*Asks:* 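There's a structure below that I have some questions on.
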Amino acid sequence: MPDNPADHGIDASQSKVWELRVGAARGETTPISAAGWMRVIIRSLALLALMLVFVPLHYLYRVFKYGSPFPMLFLRFAGRISGAKVKTHGTHLKRDVFYVANHVSWLDILSLAGASGTAFVAKAELAQAPLVGWLASLNRTVFVKRENRLGVAEQINALKEALADNWSVTVFPEGTTTDGHSLLPFKTSMLSVLEPPPPGVMVQPVLLDYGPVAEWIGWVGDESGLNNAKRVLARRGTFDLHVHFLEPFSPADFRGRKAIGAESRRRIEDALQEALGKPVRKFAHDVPPIRYDAPADAVGVGKSRIEVPNDAEV
C-alpha cells in the first residue's frame with residue numbers, strides 16, 4: 001500500500017508524497033494540509049505551555065541551587081510533543097563523559113538531552129536564532145564558529161567548563177545532519193579538549209536511530225530549518241527514536257583526537273549498520289561548510305534512484 005500523505009500532513013495524492021519530500025531536500029516549500037496545520041498549532045501551543053512552566057521553575061531553582069533539572073525535563077517533554085518516542089538502549093555514563101553522536105535532526109538535541117541531561121556543542125548561528133538560541137543557552141550549550149580558527153583555544157576552554165558544569169557534553173562531529181542511512185567523515189577539532197584527556201573523563205559513542213522514518217525526518221540538502229520543523233510538527237502520530245548508548249572507552253588509550261574520533265565513528269558505523277540491516281551508504285548531498293562533496297554514485301533523498309517508501313517503512 002502506498003504511503004499516505006495525510007500521515008504527514010501533506011496535501012498531495014498518494015503518488016506524489018515522496019516527490020514532495022524530495023522537493024523539500026531541494027529547497028522547495030512543502031505544502032501542509034489543514035489537518036497538518038492544526039497539528040502544528042497544537043504542538044506549538046504545547047511547547048509554549050512547557051516553556052511557561054519550566055523556564056520560571058529553572059530560574060527559581062537556580063536562586064537556591066546550581067544544576068537545575070528543568071532544562072532536561074523541558075527537552076524530554078518537548079521531544080515527545082514533537083512526535084519522538086525515545087527508547088534508550090545501553091547504559092549511559094552520568095558524569096565525566098564526552099558523548100560523540102551521529103546527527104540526523106534537531107530532534108536529536110531534544111531527545112538526547114532529555115534522556116541524559118547533556119549539554120551540546122552547536123553552531124554559533126543557533127545562538128542568534130529567536131527563542132531557540134535562548135533555550136539552548138539555558139542548557140549550557142557551547143556555541144562555536146567553524147571559520148574562527150583563531151578562537152579554537154577559547155572554544156576548547158568553554159567545552160571544559162561545560163563538561164565540569166553539566167558532567168556531560170555531546171558533540172556531533174559530522175558537522176551537519178544526514179539522512180539516517182549515512183555517516184559523514186568526523187571533524188575532530190572539538191575533540192581537542194581530550195588532548196590530553198581530563199582525569200577520569202570517558203568517551204561514549206551514541207547512535208541515534210530513527211528507523212523507517214529516518215529519511216522523512218532527516219534535515220538534508222537545501223531544506224530550510226523552518227520547512228523541516230513544519231514538516232515534522234505537521235506529521236500525524238508518533239515515531240520511535242532509538243538512542244543507543246554504546247560501550248564507552250577511555251580517550252587515554254588512543255593517541256590524539258583523530259584516533260579518538262576514528263574509534264567513535266567505527267563503533268557508531270557498526271551499530272548503524274546493524275540497525276539498518278545493510279551497509280551504511282554514502283551521503284548524497286554536498287556540504288560546503290565541511291568541504292564534503294557527494295560521490296557521483298551516492299543515493300539518498302533528492303536523488304532519483306531512491307525508492308518510494310510504503311506504509312511499512314514510514
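Predicted, not measured: the structure shown is a model, and the values here were computed from it.
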*Asks:* Between R266 and E263, is the closest basic N to carboxylate O distance under 4.0 Å?
*Replies:*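 Yes.
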*Asks:* Under 4.5 Å between side-chain heavy atoms, counting indirect links through other Ile/Leu/Val/Met/Phe/Trp/Tyr residues: same cluster for I290 and F283 or not?
*Replies:*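 Yes, one cluster joins them.
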*Asks:* Could you grab the distance from atom OG of S168 to atom CE of M202, nearest 0.5 Å is fine?
*Replies:* 14.0 Å
*Asks:* Considering non-hydrogen atoms only, spot the tightest contact between K87 and H89 and give its length.
*Replies:*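 Heavy atoms of K87 and H89 come nearest at O-CD2, 3.3 Å.
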*Asks:* Indicate, with yes or no, if F77 and L241 share a hydrophobic cluster defined by side-chain heavy-atom contacts under 4.5 Å among Ile, Leu, Val, Met, Phe, Trp and Tyr.
*Replies:* yes
*Asks:* Ignoring hydrogens and geometry, is there a side-chain-to-backbone donor-acceptor pair from D286 to A294 under 3.5 Å?
*Replies:* yes
*Asks:* Calculate, to the nearest 0.5 Å, the distance between atoms NE2 and CE belonging to H58 and M51 respectively.
*Replies:* 14.0 Å
*Asks:* A side-chain contact here means heavy atoms from C-beta on lying under 4.5 Å apart; do S44 and V40 qualify?
*Replies:*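 Yes - at least one pair of side-chain heavy atoms lies under 4.5 Å apart.
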*Asks:* Which of parallel (below 30°), tilted (30 to 60°) and perpendicular (above 60°) describes F54 and F74?
*Replies:* perpendicular
*Asks:* What's the shortest heavy-atom distance between V243 and L208, and which atoms?
*Replies:* CG2-CD2, 3.8 Å
*Asks:* Would you check, one step at a time, whether the test side chain to side chain contact (heavy atoms under 4.5 Å, CB included) holds for T178 with L183?
*Replies:* CA-CA 7 Å; T178 67; L183 201 61; over 6 Å; no
*Asks:* Give a yes or no on whether I81 and M72 share a hydrophobic cluster (residues Ile, Leu, Val, Met, Phe, Trp, Tyr; joining criterion: side-chain heavy atoms under 4.5 Å apart).
*Replies:* no
*Asks:* Are the side chains of Y99 and F245 in contact, using a 4.5 Å heavy-atom criterion?
*Replies:* yes
*Asks:* For the OG atom of S224 and the NZ atom of K230, what is their distance to the nearest 0.5 Å?
*Replies:* 7.5 Å
*Asks:* Quick check: do E174 and N102 have side-chain heavy atoms less than 4.5 Å from each other?
*Replies:*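 E174 vs N102: side chains touch.
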*Asks:* Are I32 and L45 connected in a single hydrophobic cluster, I mean Ile/Leu/Val/Met/Phe/Trp/Tyr linked by side-chain heavy atoms less than 4.5 Å apart?
*Replies:* no
*Asks:* Is a donor on one side and an acceptor on the other found under 3.5 Å between the side chain of R281 and the backbone of V299?
*Replies:*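 A pair under 3.5 Å: yes.
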*Asks:* Side chain to side chain contact (heavy atoms under 4.5 Å, CB included) between W216 and R21: does it pass, once the steps are laid out?
*Replies:* CA-CA 7 Å; W216 184 270; R21 173 64 190 97; 3.6 Å; yes
*Asks:* Nearest 0.5 Å, what's the CG-CG distance between L75 and L112?
*Replies:* 10.0 Å
*Asks:* Distance from L276 atom CG to E269 atom CD, nearest 0.5 Å?
*Replies:*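 CD of E269 is found 10.5 Å from CG of L276.
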*Asks:* Please examine the side chains of L184 and Y292, heavy atoms only from C-beta on, and report whether any two atoms are closer than 4.5 Å.
*Replies:* yes
*Asks:* With a 4.5 Å limit on heavy-atom distance, are the side chains of V97 and V203 in contact?
*Replies:* no
*Asks:* For L246 and R267, work out which heavy atoms get closest and say how close.
*Replies:* CD1-O, 3.6 Å
*Asks:* More than 12 heavy atoms of other residues, nucleotides or ligands under 6.0 Å from CD of E274: is that the case?
*Replies:*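 No, not enclosed.
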*Asks:* Applying side-chain contact (heavy atoms from CB on, under 4.5 Å), name anything that partners S105, two or more places apart in sequence or on another chain.
*Replies:* L107, D108, Y210, I217
*Asks:* Would you mind reporting whether R26 and D222 have side-chain heavy atoms less than 4.5 Å apart?
*Replies:*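 No; the side chains remain at least 4.5 Å from each other.
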*Asks:* Checking T30 against N227: is there a side-chain donor and acceptor pair closer than 3.5 Å?
*Replies:* yes
*Asks:* Between S116 and H92, do the side chains contain a donor N or O and an acceptor N or O under 3.5 Å apart?
*Replies:* no
*Asks:* Is a side-chain donor or acceptor of W37 paired with a backbone partner of I41 at a separation under 3.5 angstrom?
*Replies:*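 Looks like no, no N/O pair under 3.5 Å.
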*Asks:* How far apart are the C-alpha atoms of H285 and D179, what are their side-chain angles, what is the distance that settles it, and do they pass the side chain to side chain contact (heavy atoms under 4.5 Å, CB included) test?
*Replies:* CA-CA 10 Å; H285 295 271; D179 55 15; 5.9 Å; no
*Asks:* Would you check if the side chain of R231 reaches a backbone N or O of L226 as a donor-acceptor pair within less than 3.5 Å?
*Replies:* no
*Asks:* Taking all non-hydrogen atoms of both residues, which atom of K282 and which atom of D297 are closest, and how far apart?
*Replies:* NZ-OD2, 3.1 Å
*Asks:* Between T238 and R80, is the side chain to side chain contact (heavy atoms under 4.5 Å, CB included) condition met? List the steps.
*Replies:* CA-CA 8 Å; T238 60; R80 186 65 178 82; 3.3 Å; yes
*Asks:* If we only count heavy atoms from C-beta on, is the W106 to V232 side-chain gap below 4.5 Å?
*Replies:* yes
*Asks:* Show your working on ring pair (Phe, Tyr, Trp, His ring centres under 6.0 Å) between F172 and H103 and close with a plain yes or no.
*Replies:* CA-CA 6 Å; F172 298 114; H103 201 12; 3.9 Å; yes
*Asks:* Please tabulate, for the side chains in residues 247-257, all donor-acceptor contacts under 3.5 angstrom to protein atoms that are two or more places apart in sequence or on a different chain.
*Replies:*
from	atom 1	to	atom 2	distance (Å)
S250	OG	A252	N	3.2
R257	NE	S192	OG	3.4
R257	NH1	T188	OG1	2.6

*Asks:* Hey, what do you get for CG (D209) to CG (D240), rounding to the nearest 0.5 Å?
*Replies:* 9.5 Å
*Asks:* Given side chains that start at C-beta, do those of V100 and Q204 come closer than 4.5 Å, heavy atoms only?
*Replies:*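 They are not in side-chain contact.
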*Asks:* For V171 and P173, work out which heavy atoms get closest and say how close.
*Replies:* O-CD, 3.2 Å
*Asks:* K278 and H181: which non-hydrogen atoms are nearest, and at how many Å?
*Replies:*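 Here K278 and H181 meet closest at CE-ND1, 3.9 Å.
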*Asks:* Spell out, yes or no, whether L52 and L47 are grouped together once hydrophobic residues are joined by side-chain heavy atoms under 4.5 Å, including indirect joins.
*Replies:* yes
